[in-house]
Structure formats: C-alpha cells, structure tokens
Amino acid sequence: MQRCRETMERKNTAEINQCKRKVRVCVATCNRADYSKLAPIMFGIKNNPEEFELEVVVLGSHLIDDYGNTFRMIEQDDFDIGSKLHTIVRGEDEAAMVESVGLALVKLPDVLQRLSPDILVIHGDRFDALALATAAALMNIRILHVEGGEVSGTIDDSIRHAITKLAHYHACCTRRAEQHLIAMCEDHSRILLAGCPSYDKLLSNNHRDDYMDIIRSWLGDKVQESDYIVALQHPVTTDIQNSIKIYGLMLDALISFNKKTLILFPNIDAGSKEMVRVMRKKGIEQHPNFKAVKHIPFDHFIQLVSHAGCMIGNSSCGVREVGAFGTPVINLGSRQTGRETGENVLHVRDADTQDKIYHSLELQFGKRYPCSKIYGDGNAVPRILKFLRTIDLNEPLQKTFCFPSVKECISQDIDHILETQSALAVDLGGTNLRVAIVGMRGKIVKKYTQPNPKTFEARMQLMLKMCADATRDAVSLNCRILGVGVSTGGRVNPQEGVVLHSTKLIQEWSSVDLRTPLSDALHLPVWVDNDGNCAALAEKKFGHGKGVENFVTVITGTGIGGGIIQNNELIHGTTFCAAELGHIIVSLDGPECSCGSRGCIEAYASGNALQREAKRLHDEDLLKVEGLNIKQAEPITGIHLINAARLGNNSADAVLNKASTALGMGIVNILHIVNPTLVILSGVLASYYHAPVQRIISERALQSAQNIKVLTSELEEPALLGAASMVLDYTTRRLL
C-alpha cells in the first residue's frame, strides 16, 4: 500500500510539473519587414518568463550586408539569437529564390531539432517563411502563422496560403482575413482575430516629442514636417519587367516633383538587383533631394511616415501601417491588389506614365486623412499571448480541416460578428458627458458618466480620456471597437464632424471639429450628429422604427427635437437644420422660445417650458392642491405641474392641455409635410404626451393622416444607441 501511495504521489507530481512547464516558443524572422511585426510578440513573450521560454532564429536577408545586416537591430533590442542561418543564394532572380528555399530546408532541420520548440511563430508570405513552415510541419512542430488570410495579388498570395495550410494556428489581422481562413477550411477555434502586432508599437510610439530630430537626422536640418516624401518600391516577381519600368517612372516623377525624398532600397525578391541599377543610373544616391538607405529602425520609420507629406511605392506598410496616421499614400502597380485599405490610399494600378504618377503626387501630397484601424487597435500582443496560453500541447498534432456548407459558415460568422463587434458611443448632454461600449444588438456593455465641464478645453480633455479608458476596457470585455459615434445638441455638419451651433445648455460649443481630435487620439473613424437625429437612428436600428421606411421621432425632454427617416435615410437638409421639430411655430403670439422666435412647440411643451409655467403658478400660489406636498427649499419642476394636474388642479391642467395641444398641432403639421407611417415619442415626457397627441391627430389631421400610429419609445438610452448605430451600420454593412 505504501509503495502504491508513493507511486501515485510521483505520478501526481509529474502531472503538476507538466502543467507548470514553460511553453518553448521559437520566433523565426527573415527580414526587416517581418521583424517589425514579430518584435512586439517577442517582447511580450520575453516579459512573461514564468510562462514562456523564447528562442529566436534569424535567417534570410537579415544577414546580408547589402540589406543592412538588420540582425543587429534584433541584438540591440536585447534578444538572444539562438541561431543565425545564411540561407540566401545571391542572384536576385527567380532561380535564386528557389535555391534559397532549398538551402533553408537543408539547414533548418538541425536547428529545429536542437531547439525543439513547442510552437514556431512564422510571419507572412515570404519564400523564407515557406521554408520554415515546410520544415516545421514535417518535423511535427506546431506552427502559429501571423497575418494569414490576406490578399495582395502577387506570388505572395500563393506562398501565404500555402503556409496557412501547413500552420496549426492562425493570428490574423482583419475580419476579412478571418473569413478567408474559414473559407479555406481552417478550424474556426484555431483562428484568432488579433490585429497586426506592429500596431501595438506604432500606435503607442507615434507621438514623440523628438520626432523632428529623428526626421532631420535622416533628411537634413532644413526639412520641415509634412514637406517630404517616403518612397519604398519592391519588385513584383510575377511581372518583373513591368515593375522595373514603374520604378523608373516613379523616380522620374519624384525628381520632377522636387521634394525631399527618403527612398529605401527594395527587398531581396527577384528583380531587386535591376531596380537598384535603375536607381543608380538616375543618380538618386547623389541627388540633393534624395536620401537612399538600406534600412531604418522601426521606431524611426514610424516617425518618418507619420509626419510625411506622402508615401509612394508598393510596400504593404503603405496600405497597412501608414493608414493609422492618416498619411496620404500612393500605391503603384499590382503588388497590393486585394489588400484592404483606408481612404488615405490612392491606387495607381496602371502606372504606365510619369505624368500619371506626377499627377497622383499633386493630388496626395500634403493632405491628411482620418486615421484608420483596419489592421489593428494596438492590443494584438495581449490577445496573442492569451491565445498561446490556451494551446493544449497534449492535443493531437494532426490538423483537421472544416468543410462546412456555405450557409452554415456564413451563419456562424455573422453570429461571431454580432457577439464581438462594438461601437464607442458618446452623448454630450447639457449636464453630463456619457460614454458607452455598445454591442451589435444594442446591449450597453459598459457605461461611463461624468459631469460635463463648462469650458471647451476641459470638455475635450475629459471626452478624450473617457474614450481612451473605454477602448482599453473593451479588450478585457472581448469587444472590438469599430469606431466612435458622438451625439450632441445643436446643429451639426455630419459630413465634416463639426458642431456648427450648439444649444444654450452647452456653452463654448460652436464651430467645433469633434472628428479630428477623436480620430487622431483613438485611431478610429468618427461619426457626429445631433441628439434628435441620433434618437431617430436608434429607433431605426433597435426600436419601433426597425423595418419602417418612413417615420418621425420626436424627443420630449428639456427641449423638443427629433429626426426624420424618409425612404430608410436620415434627412439632414441643405444647411443641416432639417427636423428642428421643436421650432415649428404653432402660434404667432406665443411665448418666447430659446431660439429667439415666439410660439414654437418648444416654448409650450418642453421640460423647460413646463418648469417655467410651474414656477409661475407656484409664485401666484396657484399650484396648491390636496395631496401635493412641496417643501420650502425644493426646486419647482415640470413634474410638480404634471402631479398637480393629476390631483385635480385646474390651472395646472390648463397649462398641460395647452402644451399637449401645441405639441399635437406641431406633429399634425409634420404628418401633413412628410406623411410618415409612424410617429415615435421619446424622452422623459413621452409617456405623458402619448394619449393627448394621438387624440389631437385624430381630431385635427387630414382624414388620410388620422390613422397614423403614435408609439412611445421603449429605448432607455436613445442618444447613446443612436450614436452607436452610426458606427455599426456603416462599418458592418458590407458584412451583413
């Protein structure tokens, strides 16, 4: 019995030690480009030594002097390089690429056998990476492939998808890439939508105080911000001669454009030697406007492209990373065909003349675009580390492929989208500033509320801080923020994201650009509209207006506002003052309104109007009624007026009857103008006004409009939900 107990204890101890064993992760990097994506993952693994053991393998162009000996930057980042493999056969043609793959396959088995990693991390679509994936798969080593599922239109596509089929796990960057992986029959449970790891670094490091020092260290002391160009053009291995021609035309256009230009040498693909010859034949390295370099540290590269007047070429960083800064990009030729891009990218697919490229420089140079986060939100590494922790090293190594029907695949993907995709909603009220994370189905996942500061500077600072806090929290809440929607009072130009004129409740809030500072700080697209329009959008997506082509929403709160949906579209008007429903005049001699006119609906039926009348009756000692107790120091509000009327106070009842009539007549006017199917009353006074408004419509409207329904909104947060719907409807319309 004693021996049995000892045997069992030893077995349990072995199992515990097995559970606690560090996961040995090998990261293999082949060139300067993939290191910028892999380095953040490597730092994340290195910073968790209790869980992971990091091994680093360097091969490919990292070890070639002509390409900058970029392995040194890995050493400068304080990584121990376990193995350096010289795998490049020089020649820079198609045969040399094939021979390089073969040489890597000869050398890799010894290294992988010695390191014996649990997981090998491979990036992208280079021929070196294909050799790594082939060797690891044949040696039964688990592979995590970063940036699979993307499309770029060259031989890189074939290599990328080949690596996907060899890899066991996938960390992709975009929703479309995830869908491509699913369509390629990869197991959905082994796919992580992480975002691009390089975004973790570039979004946190792009605002450096010394950025001009960095720029001038590369381009000289006289260069100014946004007054230079970054150029990076690689050969297209499936169309080498044409890519060399485009390269020459690009250089001619840049010489003619006469701006300081930082040009990087092309990569090591077939055709690069000929491109370098073209560059030297044109005297680029001696030209006073050009600085030709083989390598730039990623920290410096971030500053150079984020403050450039333009980037030109066909590098993937132009259509991926540079979008995060809103820097204009000119994409030449076919190398990035199929890539997802932001609006900052101008494609010149058929770059067959110098004039065409020159004209594109004229169009793009010096512009600034909204920041794009198509490829990441700065939280890829935490997601990847969490994913690595969940990998069961005891599960069968053999890959299994999923062959679902198209219908099942689409259904599953839509459900996944509905569960995770979210919007950041901002409601700028007269009293409070509120921010919420809102899910696809209208669920408010988390809400933040702060008193709205009185000054412009304090208000903007608080809004940015609350939004930044929410985006950080979204990661732990498993919510992917697609964009920001802002609901605010007053007249708004939604096309520019500018508050033109605000209400008196929000001081210092006219001609305010909300989109730019929010987009720059959060690196997200931003939509802005007034609170009335947002209430209508909320009803359209989540409320009574869902599936209704024509309806009107009327907000009955502190003021009176609303929005009009006509043919499924929100009506803004020529000067963005459509649906100012509170300022429909129902009496020529009515009370003065906050807009400066008289007899508006808002002057009769708003919360402010009811409070004004309640105070008047109270001052005249006409608000008293049995059952209504008002304390001496208690502020008088419209609620006292409503309660007094319900208890039989004739004076209060007369005031409310006039308010209800004014609102009802205003809505009758709306029915006669836009003839909606439905009227939705929203706001704190909606339930009180519902019955009187329906009665007045039946009495005073044209017979053809008397049967139009009036409903009370069931949405608790119409402003926040409407702000969120601007984001969710726009960003997901292509998917759903």
Side-chain angles (χ1 to χ4, degrees), residues 32-33 36-37 152 196 198-199 201-203 205-206 211 214-215 218-219 223-234 236 243 246-247 249-267 275 279 284 289-337 339-349 351 356-376 520 523:
R32 66 189 182 198
S36 69
K37 318 294 179 70
S152 59
C196 181
S198 64
Y199 269 61
K201 190 169 185 178
L202 63 88
L203 290 180
N205 291 353
N206 68 317
Y211 71 91
I214 293 172
I215 293 169
W218 291 94
L219 287 164
V223 72
Q224 298 298 317
E225 182 179 1
S226 299
D227 197 36
Y228 62 91
I229 297 169
V230 176
L232 179 53
Q233 179 92 354
H234 299 304
V236 177
S243 64
I246 292 174
Y247 188 65
L249 294 172
M250 179 191 76
L251 295 177
D252 290 337
L254 288 170
I255 292 169
S256 299
F257 199 66
N258 198 31
K259 290 289 182 181
K260 274 287 187 182
T261 301
L262 181 67
I263 185 166
L264 282 83
F265 277 63
N267 65 20
M275 291 174 74
M279 182 174 69
I284 295 299
N289 273 351
F290 286 81
K291 176 70 176 292
V293 297
K294 295 176 180 177
H295 166 66
I296 302 173
F298 190 59
D299 286 349
H300 286 199
F301 187 72
I302 291 172
Q303 304 305 316
L304 286 160
V305 296
S306 65
H307 298 283
C310 179
M311 182 174 182
I312 188 171
N314 65 2
S315 171
S316 62
C317 72
V319 298
R320 293 170 58 94
E321 284 84 355
V322 177
F325 312 120
T327 302
V329 172
I330 300 167
N331 179 49
L332 302 177
S334 61
R335 190 171 185 265
Q336 301 302 331
T337 300
R339 288 271 194 200
E340 297 172 75
T341 65
E343 60 183 289
N344 65 309
V345 179
L346 175 64
H347 296 282
V348 187
R349 305 291 190 202
K356 190 179 290 186
I357 299 173
Y358 186 90
H359 183 55
S360 69
L361 286 165
E362 290 182 316
L363 289 173
Q364 287 285 78
F365 186 79
K367 282 187 177 180
R368 268 293 175 270
Y369 290 90
C371 300
S372 166
K373 294 178 74 174
I374 294 173
Y375 286 95
D520 287 350
H523 302 282

Taking every non-hydrogen atom, the tightest pair across Cys317 and Leu232
SG-CD2, 4.3 Å
Thr327 to Arg368 - nearest heavy-atom pair and separation:
CA-NH1, 3.6 Å
So, does Tyr375 use its side chain to make a donor-acceptor pair with the main chain of Gly323 at under 3.5 Å?
no
Would you please test Lys37 and Glu321 for salt bridge (charged side-chain N to carboxylate O under 4.0 Å, His left out) and show each step?
CA-CA 10 Å; Lys37 318 294 179 70; Glu321 284 84 355; 3.4 Å; yes
Does His307 reach the main-chain N or O of Glu225 with its side chain, forming a donor-acceptor pair under 3.5 Å?
no
Give every donor-acceptor pair under 3.5 Å between a side-chain atom in residues 253-266 and any protein atom, sequence neighbours left out.
residue, atom, partner, partner atom, Å
Ser256, OG, Asp252, O, 3.1
Ser256, OG, Gln354, NE2, 3.0
Asn258, OD1, Asn289, ND2, 2.7
Lys259, NZ, Asp227, OD1, 2.8
Lys260, NZ, Pro288, O, 2.9
Thr261, OG1, Lys259, O, 3.0

How long is the gap from CD1 on Ile284 to CZ on Phe290, to the nearest 0.5 Å?
4.0 Å
Smallest separation among heavy atoms of His300 and Ile214, with atom names:
CG-CG2, 3.6 Å
Which atom of Gly342 lies closest to which atom of Ser372, heavy atoms considered:
CA-OG, 4.3 Å
Where the side chain of Lys367 meets the backbone of Pro328, is there a donor-acceptor pair that is under 3.5 Å apart?
no
Closest non-hydrogen atom pair between Ala308 and Tyr228, with its separation:
N-OH, 3.4 Å
From Ser36 atom OG to Leu202 atom CG, the distance as rounded to the nearest 0.5 Å
9.0 Å
Any side-chain heavy-atom pair from Ser243 and Arg335 closer than 4.5 angstrom?
no
Shortest non-hydrogen pair, Ala324 vs Leu203, comes out as CB-CD2, 3.9 Å
One should read off an interatomic distance between Ser306 OG and Phe301 CZ, to the nearest 0.5 angstrom, of 10.0 Å
I want to check something: taking the side chain as every heavy atom from C-beta on, are Ser334 and Val236 in contact at a cut-off of under 4.5 Å?
yes
Check whether any side-chain heavy atom of Arg320 sits under 4.5 Å from a side-chain heavy atom of Ser198, and report yes or no.
no
Nearest-0.5 Å distance, CD of residue Gln303 to CD1 of residue Ile296
12.0 Å
Please round to the nearest 0.5 Å and tell me the distance separating atom CG of Leu346 and atom OG of Ser360.
6.0 Å
Within a strict 4.5 Å, meaning less than it, do heavy atoms of the Asn331 and Arg349 side chains meet?
yes
Evaluate the side-chain proximity of Val345 to Tyr369: yes if any heavy-atom separation is below 4.5 Å, no if none is.
no
A side-chain contact here means heavy atoms from C-beta on lying under 4.5 Å apart; do Leu361 and Ile229 qualify?
yes
Judged by atom type as modelled, is there a donor-acceptor pair below 3.5 Å linking the side chain of Gln364 to the main-chain atoms of Asn344?
yes
What I'd like to find out is whether the side chain of Ile357 reaches to under 4.5 Å of the side chain of Ile312, using heavy atoms alone.
yes
Taking atom NZ of Lys291 and atom CG of Leu219, what is their separation to the nearest 0.5 Å?
7.0 Å
Among Val223, Val293, Val230, side chain to side chain contact (heavy atoms under 4.5 Å, CB included) partner for Trp218
Val293
Answer yes or no: is there a side-chain heavy-atom contact under 4.5 Å between Met279 and Tyr247?
yes
